[in-house]
Amino acid sequence: MNMISSSSTTKCGLCLFLLTTFFISARTSDTINTSQILSDNSNDILISSTGAFALGFYSPGNSKNRYVGIWYNDIKDKTVVWVANRDHPLTDRSGVLRVIEPGRLLLLNSATSATIWSANISSTVQAPLARLLDSGNLVVADENDESNIIWQSFDYPTDTFLPGMKLGKNFVSGHQVYLSSSKNNDDPTTGYFTYQFDPTGYPQSVIKNGASVLSKSGPWNGVGFSGSQNLVKNTLYSFGVIINENEAYYYYQVLNDAVYTRLVLGEIGVGQRLTWSNQTQSWKPYLAFPMDNCDSYKVCGAHGICSTRTWPDCSCLDKFIPTDPQGWNAGNFSNGCIRRTTLNCEDGDGFLKYSGVKLPDTEGSWYNASMNLEECKVTYAENCSCTAYASLNISNGESGCLLWFGELVNMREIAFGQHIHIRMAKSELGSGSRKREIIIVTLPVVIGIVLLGLGLFLFYHVRKNPKHQQQETDTDNLRDSGETHGEQKIPMFELSTMFNATNGFSADNKLGEGGFGPVFKGLLEGQEIAVKRLSTTSFQGAHEFKNELICIAKLQHRNLVKLLGCCIQGEERMLVYEYMTNKSLDLILFDQVKRRILDWPRRFDIINGIARGLTYLHQDSRLRVIHRDLKASNIVLDSDMVPKISDFGLARICGGNETGAKTSRVVGTYGYMSPEYAVDGLFSVKSDVFSFGVLVLEIISGKRNRGFTLENHRHNLLGHAWMLYKEERSLEVVDSCLEYSSYSSQVMRSIHVGLLCVQEEMEERPNMSSVVVMLNNDGVLPQPKQPGFFTGRDVIRSETWHSSNTAGSANAMTISLLEAR
Ligand SMILES: *[C@@H]1O[C@H](CO)[C@@H](O)[C@H](O)[C@H]1NC(C)=O
Ligand SMILES: *[C@@H]1O[C@H](CO)[C@@H](O)[C@H](O)[C@H]1NC(C)=O
Ligand SMILES: *[C@@H]1O[C@H](CO)[C@@H](O)[C@H](O)[C@H]1NC(C)=O
Ligand SMILES: *[C@@H]1O[C@H](CO)[C@@H](O)[C@H](O)[C@H]1NC(C)=O
Ligand SMILES: *[C@@H]1O[C@H](CO)[C@@H](O)[C@H](O)[C@H]1NC(C)=O
Ligand SMILES: *[C@@H]1O[C@H](CO)[C@@H](O)[C@H](O)[C@H]1NC(C)=O
Ligand SMILES: *[C@@H]1O[C@H](CO)[C@@H](O)[C@H](O)[C@H]1NC(C)=O
């Protein structure tokens, strides 16, 4: 491969070039001057001085078209960061690139001498020289004074934002530097999406599809973008925003030049930061924006706030109500919310402080960097059109003032979010001069309300739409404080119906064997069902069983599997559940192939879902159900991968003593049982928390706690996770097939919470509602200690818990018997 072909004159480029071409062999060049050309035909390329970047002709993907591009020189899998003629491809190898006086870059078709592409310049130089810099920037400058730059590729990026680029606007020239997506891998043609640093109002980054806004990051606050939770100080790169009268731009710089990182706007409009891994020789995603539904622009309408922790995502800000309650309840949030008490400026409105939010869209905002917040309040309290204010810059305390004059849109709940002061009618401000601080979303309350709402909804529906032939059950002793007005019904099925639905309980229909008996798939009136046939030992009487079942049937939650009915006939006891297409979690999680469909967001949702279901069982439902056999095979997944806890309440209806603190009949599964339960038969909600912790670590690692093996030591999964945690290598426990780099803080947090749940001392385990909060907030977590069952796979040989109970070996036997089930 030749570096540069030279032609001696700029006149009649084609003929002279053909006559006088000679090769400068073995010399790597990073420049072209006016007497040189870069020719596709002779495979010419420029290589930057330390060899980081190369510039030359290439064909993308499966395309045959030729483009001039810049790529990483030492990455084999060609990664192009800039394209000159993206919208003007050459169809053959006749292209030549040259620089002509007074400084214009030209891409010519040497066969026809037609200009394919040229760079626009606004100033000129005597002796122009084009140089490919080590930053990947192609620069045209004066040969004798290279600081006199008249054109650079960094001012005209394609889809890639490189370190050292300034993404933003020059107010003097009016030139805006922004990314625009490529059509696809085979075609670098300008696509639909743009990624801009938009200084209108106050700067924020914006992703658009043509003219329509898809996502806005929230305003720059001196530290990061108000809504970009994952863009935080890190060891890879520094970043910042410069705003002055001449320009406003966003930039970043790598902290170690040997590390390659780039931000690319993908063909579907997702901005992704990628870093090169020397180890795997591939690009690893580091951050992505937008991240989730709540990053969609205006998703909850005016004065709505989005949170991925609630269901649904949208709610009204405190003291606001839906503008169109009917639409809102039906899930159309576009009309947003309004103040429940209308403003009355003359009457003396004030401002109410809201915390933990992504600041609203600043497109129509005003700001004053020299005012402080108090001045701002005083100045704008009188200005009735000012609807809200907040600090402008929180990088060094709080300074400046950012003001809104209309509806507040595009807010989401954010753990480290900012404060905003929103104009509110006098009567909403509370009394006296006491400053009221409102934490917008108090999680347990919201979850409680959502669950209650959902529970009532489902309950109502189940009662209203009895699908199947049913028979009334005796509910006389069931009227517990107001919940059951009137007759409680639970569909009862005939044994023959069950028999037919499951093909006579055939082996082909068997889905699995749970703790309390086999489960069969069935078809009932066109609906797929799962039938659990309880093993017929030591049951309560039919009447007692029915009553217990009605209680259990009342437990309705998004994360609990729904009981459709039951069958009680003779010795037979059967429960009928909704059938879940994705079956149980263990079948996916521990399968070498299938587990790949569980990416991190899905796994996190599953962890959260289980936590919420369990919280409901433990404290939100009246019954206070302890599951006692929580494990991966008891979590079923619906078609949307929403996890549902199954087998809840079975310990209760199958005669286990749920209210006592001690049981003689240990139900449960080795590997998930807490030490105090396995050894002493002590159970409480905290034994479920232990099982939950095991489950969390299994979900993260994709490995079973039980049967976990590593060559070099004999720890179980808990022990392994703990060792890694202590050595600050937590992330090494993560499933190798999981791409989690953009979520590493969430992953680390989940591991931490998992370890807290498996503490040996039950008092040290959090309760489930705290777990939900811990998983979804960024507060400081307590340090975990060594988990229960830390070292051994074998309970008896474990040094870490001590049973004062002399019957240790007998208990161990119970466990191994259970294990053999
Ligand atoms: C361009 O560079 C080549 C090689 O360095 C040199 O021989 C030639 O004189 C230069 N031409 C001009 C116009 O500077
Ligand atoms: C150069 O400027 C002209 C006129 O402003 C514009 O139409 C053209 O697209 C520009 N070309 C490039 C490569 O930027
Ligand atoms: C924010 O404040 C810091 C410290 O006072 C200052 O260095 C920085 O330039 C400010 N940023 C902006 C965008 O005003
Ligand atoms: C990656 O490999 C290249 C080439 O071997 C080396 O120059 C560079 O320092 C490595 N980068 C890191 C971060 O180790
Ligand atoms: C939601 O409500 C808005 C305004 O009422 C309406 O224009 C829009 O079509 C609705 N969207 C859906 C999906 O119903
Ligand atoms: C910003 O606030 C300062 C101090 O209150 C004031 O002097 C200045 O005029 C304000 N600037 C603008 C543009 O309103
Ligand atoms: C309110 O403030 C805005 C921005 O400073 C200003 O343009 C407007 O004139 C003010 N309105 C009143 C009534 O003072």
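What you are looking at is a predicted structure, and each value in this text was computed from that prediction instead of being measured. All ligand and atom numbering here is 1-based and tracks the order in the structure. In what follows, every heavy atom counts, from backbone to side chain, and hydrogens, waters and symmetry copies are set aside.
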_Does the plane of the ring in H175 sit parallel, tilted or perpendicular to the ring in Y156? Use 30° and 60° as the thresholds._
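Aromatic pair H175/Y156 classed tilted.
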*Between W366 and F405, what is the ring plane arrangement, given parallel below 30°, perpendicular above 60°, and tilted in between?*
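Plane angle over 60°, so perpendicular.
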*Distance-only N or O hit between ligand 7 and Y380, under 3.5 Å*: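 Yes.
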_Looking at every non-hydrogen atom in both residues, tell me the closest pair between L637 and M580 and how far apart they are._
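Closest approach of L637 to M580: O-CB, 3.3 Å.
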*Shortest non-hydrogen contact from D187 toward S182*: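 Nearest pair, atom of D187 first, then S182: O-CB, 3.9 Å.
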*Please identify which atoms of ligand 6 are closer than 4.0 Å to at least one heavy atom of N368.*
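Listed by number with element, the hits are 1 (C), 2 (O), 3 (C), 8 (C), 10 (C), 11 (N), 12 (C), 14 (O).
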_Please list, in number order, the atoms of ligand 6 under 4.0 Å from a heavy atom of S370._
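With S370 as reference, the close atoms of ligand 6 come out as 1 (C), 2 (O), 3 (C).
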*Short check: is a protein heavy atom less than 4.0 Å from atom 9 (O) of ligand 6?*
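Flag for atom 9 (O) of ligand 6 set to false, no protein heavy atom closer than 4.0 Å.
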_Could you tell me, atom by atom, which parts of ligand 7 come under 4.0 Å of a heavy atom of W366?_
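Listed by number with element: 4 (C), 5 (O), 7 (O).
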*Of D361, D295, D198, N410, which meets side-chain hydrogen bond (donor to acceptor under 3.5 Å, both in side chains) against K216?*
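Single side-chain hydrogen bond (donor to acceptor under 3.5 Å, both in side chains) partner of K216 among D361, D295, D198, N410: D361.
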Please report which non-hydrogen protein atom sits nearest to [atom], along with the residue it belongs to and the distance in Å to one decimal place.
atom	answer
atom 5 (O) of ligand 6	M371 CG, 3.6 Å
atom 3 (C) of ligand 5	S334 OG, 3.4 Å
atom 2 (O) of ligand 5	N332 ND2, 2.4 Å
atom 12 (C) of ligand 7	N383 ND2, 3.4 Å

*Cation-pi check, R273 to Y237: give yes when NZ or CZ is under 6.0 Å from the six-membered ring centre and within 45° of the ring axis, no otherwise.*
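Here R273 passes the 6.0 Å and 45° test against Y237.
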_Counting only heavy atoms closer than 4.0 Å, does ligand 5 sit against the backbone of D324, its side chain, both, or neither?_
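Looking at D324 and ligand 5, no heavy atom falls under 4.0 Å.
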*Between N368 and S370: side-chain donor-acceptor atoms closer than 3.5 Å*: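 A pair is found: one side chain offers a donor N or O, the other an acceptor, under 3.5 Å apart.
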